[in-house]
Structures are given as C-alpha cells and as structure tokens.
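Have a look at the structure below, then the notes.
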Amino acid sequence: MLITNESEKKAFKKADELACNILKQKEVVIVTHIDADGITSGSIAKKSLDRAGIENEVIFVKQLDENTVNKVADRGKFVWFTDLGSGQLDLIDKAGLCFVITDHHIPQGKTPLQFNPHDFGIDGSYELSGATSTFLVSIQMGLNYDLVPLAVTGAVGDLQDLRYGRLTGLNRIIMKNGVKNGFLQAFRDLRFFGKQTRPVYKMLEYTYDPFLPGISGNERACLNFMERIGIPPKNCESWRRWIDLTYDEKVAMTSEIVKICIHANYPLKLIKKIVGESYILNGEEEGTELRDAMEFSTLLNATARYGYEEVGLKVCMGDRGSSYRKARSLLLNHRRNLSDGLKLVDEMGITEMENLQYFHAENKIMDTIVGIVAGMCFSKANLNKPIIAFANKDGDVKVSARATQRLVSKGVNLASALKFAAEKVGGMGGGHAIAAGATIPDGRETDFLRELNRILAKQVKSV
Ligand code: C5P
Ligand code: C5P
Ligand code: ZN
C-alpha cells in the first residue's frame, strides 16, 4: 500500500505490533458494536483469526458499560475489541483484561494495546473507521487483502464518505488498493439508495435525503417525471433499475434532479452531495443488496440494530442462503421503521433551544435507530444547530446527537459535549465530533439539555 506520511507509517507500525500480539493467542473473544461498521469489523477480525487457526467467537454489544465489560472479563479469555473500547479504557483497565483494541472513537486515554487513528493524528470520523482500522491489523496478520470489501462497507456504513462525497485519507488508500487488486470498483455516480435493487421510480419515491419536492413519497409523480424527461421506466415487462439505464440517461436524470434541488433553494453544499463516489463489490452479484457498499451497509444495519447480529455476521462471513434471505426481510422492516420515524418527527416537531434542537421519541422509535433518524432529519431541520434525539431504553433514556460538518468546523464536538453533559446527570456518552450518543437516567432530560446547551455555547465561542 502506498504510504505517504509519517503518521501513516506510525499507524502501520502499531497495526503490525497488535497483529503480532494477536497471533500469539490460542483463543480470542471478539467484542464489537451493533452497527454496520461493527459487524464488518467483527467479521474481518473473525476471518483473520479463522485463517490463522485461532479459535474465536464474536460478541455484539450496544455499548461498553461496566456490566458488559465485567461479563466479558469473566470469560477469562483474550479480548479483541473492534469498533469500540477506546472510549471506555478506564472500564477495561479496571476489569483486568488481556486485550487489544482496533477502534476509531475518540480515545479516553493512551494504551500500547490500542490501534486508534486519533493516536496518530488521523481523523477517526473520516479517514479510518472501525472496519478499516481492523483491516489494517488484519493485513498484518496474513494475506487478508480480499477482506477489503468488508472494510470499505464498514467505512461507508459510518458515513465516512459523506464529507467529500468520497472516501479520504487512509480509507482512500485502502479502497484504492482494493480497486487495484480487483476486489472493488469506484466511480462517480448518483448517491441515492437502491441503485442496484430498486426500480428507478421506487428509488426516487423513497429518496428523502435530500427531500425532492414533488417527487419524494409520490409514486405517480416519479413515473411522470421519468416519462417527462424521456426515460422509459420499463423495459418490456420489467421495471428498470438505475444500473439498467444508459450513461446518457443517467446524466440526463441527474441533471434534472439537480434542477429540482436548485429550484427548491437547497444550499449548494447539499446539492453537490447528490453525486459522489460509489463503491462496487466485484465479488457480489449485480442487482443485489451486497453489490454496492452503501446498500450492503444498510442491510447490515437492518440486522444487528434489531437484535439479529448473527444474521449480519453470517452474511459477511459468506452465507448467501438463509442468513441473506433473513437479512433482506429485515431490511424491508428497517426501511419502514426509518420512514415511520421520520413521519413521527414531522408530526411531533423539533423543539429549538439556543444552541441545539431536540425531539423525544419515547418508545415510538427504537433506541438503536433513533440516531439514524436524527441524522436524516437534517434534510428538513435547521442546519445551524445539532439535533439531539431521545428514546426510551430499558428504563433509561438513550440520547443520539448529530451535527453537520459546518457546525464541527465552528467548534462543535458532540462526543465531548455528550460525555460531559451525560456524566453531569449520572449517565455516560461519547462517539465522534459529528455524531455521538449517550445513556442517561430517565427523567433527567431537561437537566441534560440545559447542560448540553451550555457546553455547546462554549464550544462555538472558544474557536
Ligand atoms: O459507533 P460508530 O462510530 O460506528 O457510529 C458512527 C455513527 O455516526 C453512525 O451511526 C453514522 O451514521 C454517524 N455519522 C453521521 N454523520 C457523519 C458521520 C457519521 O451521522 N457525517
Ligand atoms: O447510537 P448512535 O448511532 O447515536 O451513536 C453515535 C455514536 O456515538 C457512535 O459512534 C456510538 O458508538 C457513540 N456512542 C457512545 N456512547 C454511547 C452511545 C453512543 O460512544 N453511550
Ligand atoms: Zn464505527
């Protein structure tokens, strides 16, 4: 891989160190996170250990709290934390574990047993995800370059390509290497969901981010739109998908969509994001949810976030039979939940405070997907304040927070803001500057918001 600077060299050296440590083990427990980046991280770790002949199992957790860390420690085995752990170093330390961590969340401290991009001055929100970090260790363990589609799917699942409409930094180096080795393709294309699997008119109908006035949510209007611009929605008897359109048709439709957005007075930044890089997994069948990294990562989110993490893991491990079928049916349910969630927020409205805006979904949106809904709300909500979402979670309250790139450049850091505000009311939190989460005791929402509002004011002023 083409490494250009000192920090990347240091990162590779650390990855090599951890790989040597892992290869000395006879048995490893992999502990990972319940989202696309977490599942792909866990499966990269699992495949690498399988290939090295090291016995292993994967455990999924929603978050690492004291209880979970202690349960893991009770097994008395060597632990490989993937896509989590860096934010909970004190808990891990206290539990007296033998471990390594490959994570990209803002670290709570330093340990030689952790591979975390932030330790090398590499941005863990855009340049390396849990899966791409784990991949760097994996390729030092053996010839695991073929796991690059999983790594890229994880990074895309964490929206690391959102800022520039393409992967950057070490993520990009990893992706390009995958292209060179024939595992991936990368090209500029429309960044809508469902290009592989949905009829074009359905893809348009279900596009809410950005909301396309007169198109989104209106099947008839989508068909009319296609006919108006001279693109037949059907070919003989079958509905045409985006991948079935000719190059000229794709260009024509993209420019019409851009016109709609200009007409709706959307900011140029948002309009530019309609087109960006797409990542195609060469080893997967065309027209399936696995072929495009964006669709694959959504399929994975649809499993583990609903308690079906084994299904997602098996798909990543290569099961194209019953697990894949189950994942597809879970995906339908996930899409419905996201669109119901957006409707609910529309109905109840978002309340603005001086430095933030929030909604409380109570038990109407699951705590595991409320963050995704919060992020999607930016297509309609105030872009100048972070969105804070609450949902009930086993007697406590889950908080999910999302910001925009512009807010982050103005000083907003949701990871530290949520951590401090949550700790102030007896909870815990962390994550990334642009996306973070927390759990707080039920009934403390108002105090939490007041504290968060105060911290956010300070963050913006201090820049
Ligand atoms: O735990 P983890 O790091 O894997 O999760 C990152 C979360 O941040 C994802 O849910 C992703 O959707 C969100 N994110 C976001 N906007 C960004 C970058 C990440 O909402 N620009
Ligand atoms: O759950 P959600 O998608 O909102 O999480 C956003 C980010 O915050 C993720 O990176 C997640 O790992 C992190 N998080 C955290 N501590 C929590 C909850 C979420 O670090 N208690
Ligand atoms: Zn992640």
Side-chain angles (χ1 to χ4, degrees), residues 32-42 44 60-66 68 81-88 91 102-108 116-118 123-134 151 153-165 167-168 171 209 273 294 297-298 300-301 304-305 338 361 365-379 386-391 393 396-409 412-419 421-423 427-440:
T32 195
H33 196 207
I34 56 145
D35 65 3
D37 194 32
I39 306 176
T40 46
S41 303
I44 291 169
F60 286 91
V61 299
K62 265 192 195 181
Q63 72 183 70
L64 264 192
D65 50 25
E66 196 162 2
T68 345
F81 293 98
T82 65
D83 193 34
L84 41 73
S86 292
Q88 297 80 18
L91 292 180
T102 48
D103 187 13
H104 66 129
H105 292 94
I106 295 175
Q108 204 189 45
N116 189 310
H118 295 280
D123 189 319
S125 305
Y126 298 107
E127 297 179 332
L128 219 47
S129 78
T132 41
S133 298
T134 306
T153 300
V156 169
D158 259 11
L159 309 185
Q160 296 216 325
D161 57 339
L162 203 64
R163 187 180 190 171
Y164 299 107
L167 292 169
T168 52
N171 275 336
D209 187 13
K273 290 202 171 132
M294 200 195 244
S297 66
T298 307
L300 294 176
N301 273 327
R305 288 180 186 260
L338 292 183
I365 302 179
M366 284 169 64
D367 63 285
T368 49
I369 62 159
V370 74
I372 304 181
V373 175
M376 291 169 86
C377 285
F378 271 127
S379 58
I387 296 183
I388 315 299
F390 297 101
K393 173 195 171 189
D396 286 326
V397 174
K398 164 74 194 294
V399 190
S400 275
R402 297 292 186 269
T404 61
Q405 194 40 54
R406 195 165 144 262
L407 285 165
V408 171
S409 67
V412 167
N413 182 336
L414 291 177
S416 62
L418 261 78
K419 181 175 176 341
E423 282 170 4
M428 61 184 280
H432 309 282
I434 197 156
T439 305
I440 59 169

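Each ligand, and each atom within it, is numbered from 1 in the order the structure gives. Note that the structure is a prediction, hence the values are computed from the model and not measured.
Counting only N and O atoms by type, the side chains of Asp158 and Ser129 include no donor and acceptor under 3.5 Å apart. Side chains of Thr368 and Lys62: a donor-acceptor N/O pair is absent below 3.5 angstrom, by distance only. Under 3.5 Å, the side chains of Asp123 and His104 contain no donor-acceptor pair of N or O atoms.
Between His118 and His105, a ring centre-to-centre spacing not shorter than 6.0 Å is recorded.
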Kindly print each ligand 2 N/O atom paired with any protein N/O atom under 3.5 angstrom away, one pair per line, or none if nothing qualifies.
unit_1: ligand 2; atom_1: 1 (O); unit_2: Lys398; atom_2: NZ; d: 2.6
unit_1: ligand 2; atom_1: 3 (O); unit_2: Arg402; atom_2: NH2; d: 2.7
unit_1: ligand 2; atom_1: 4 (O); unit_2: Ser400; atom_2: OG; d: 2.5
unit_1: ligand 2; atom_1: 4 (O); unit_2: Arg402; atom_2: NH1; d: 3.1
unit_1: ligand 2; atom_1: 4 (O); unit_2: Arg402; atom_2: NH2; d: 3.4
unit_1: ligand 2; atom_1: 8 (O); unit_2: Gly430; atom_2: O; d: 3.2
unit_1: ligand 2; atom_1: 8 (O); unit_2: Gly437; atom_2: N; d: 3.0
unit_1: ligand 2; atom_1: 10 (O); unit_2: His105; atom_2: NE2; d: 2.8
unit_1: ligand 2; atom_1: 10 (O); unit_2: His432; atom_2: NE2; d: 3.4
unit_1: ligand 2; atom_1: 12 (O); unit_2: His105; atom_2: NE2; d: 3.0
unit_1: ligand 2; atom_1: 14 (N); unit_2: Gly430; atom_2: O; d: 3.4
unit_1: ligand 2; atom_1: 20 (O); unit_2: Gly430; atom_2: O; d: 3.1
unit_1: ligand 2; atom_1: 20 (O); unit_2: Gly431; atom_2: N; d: 3.2

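Distance alone, capped at 3.5 Å, places no donor-acceptor pair between the Asp103 side chain and the Phe81 backbone. For Glu423 (side chain) and Gly429 (main-chain N/O), no donor-acceptor pair under 3.5 Å exists by modelled atom type. Checked by atom type and distance alone, the side chain of Thr132 never pairs as donor or acceptor with a backbone atom of Leu128 at under 3.5 Å. Here the side chain of Ser86 pairs no donor or acceptor atom with the backbone of Pro107 at under 3.5 angstrom.
Thr153 pairs by the side chain to side chain donor-acceptor pair (under 3.5 Å) definition with nothing, not counting sequence neighbours. For His33, there are no ring-ring contact (aromatic ring centres under 6.0 Å, His included) partners, not counting sequence neighbours.
Excluding waters, the protein N/O/S atoms found under 2.8 Å from the Zn ion (ligand 3) are Asp37 OD2, Asp83 OD1, His104 NE2, Asp158 OD2.
Taking a cut-off of under 4.0 Å to the non-hydrogen atoms of Leu162, the atoms of ligand 1 that pass are 21 (N).
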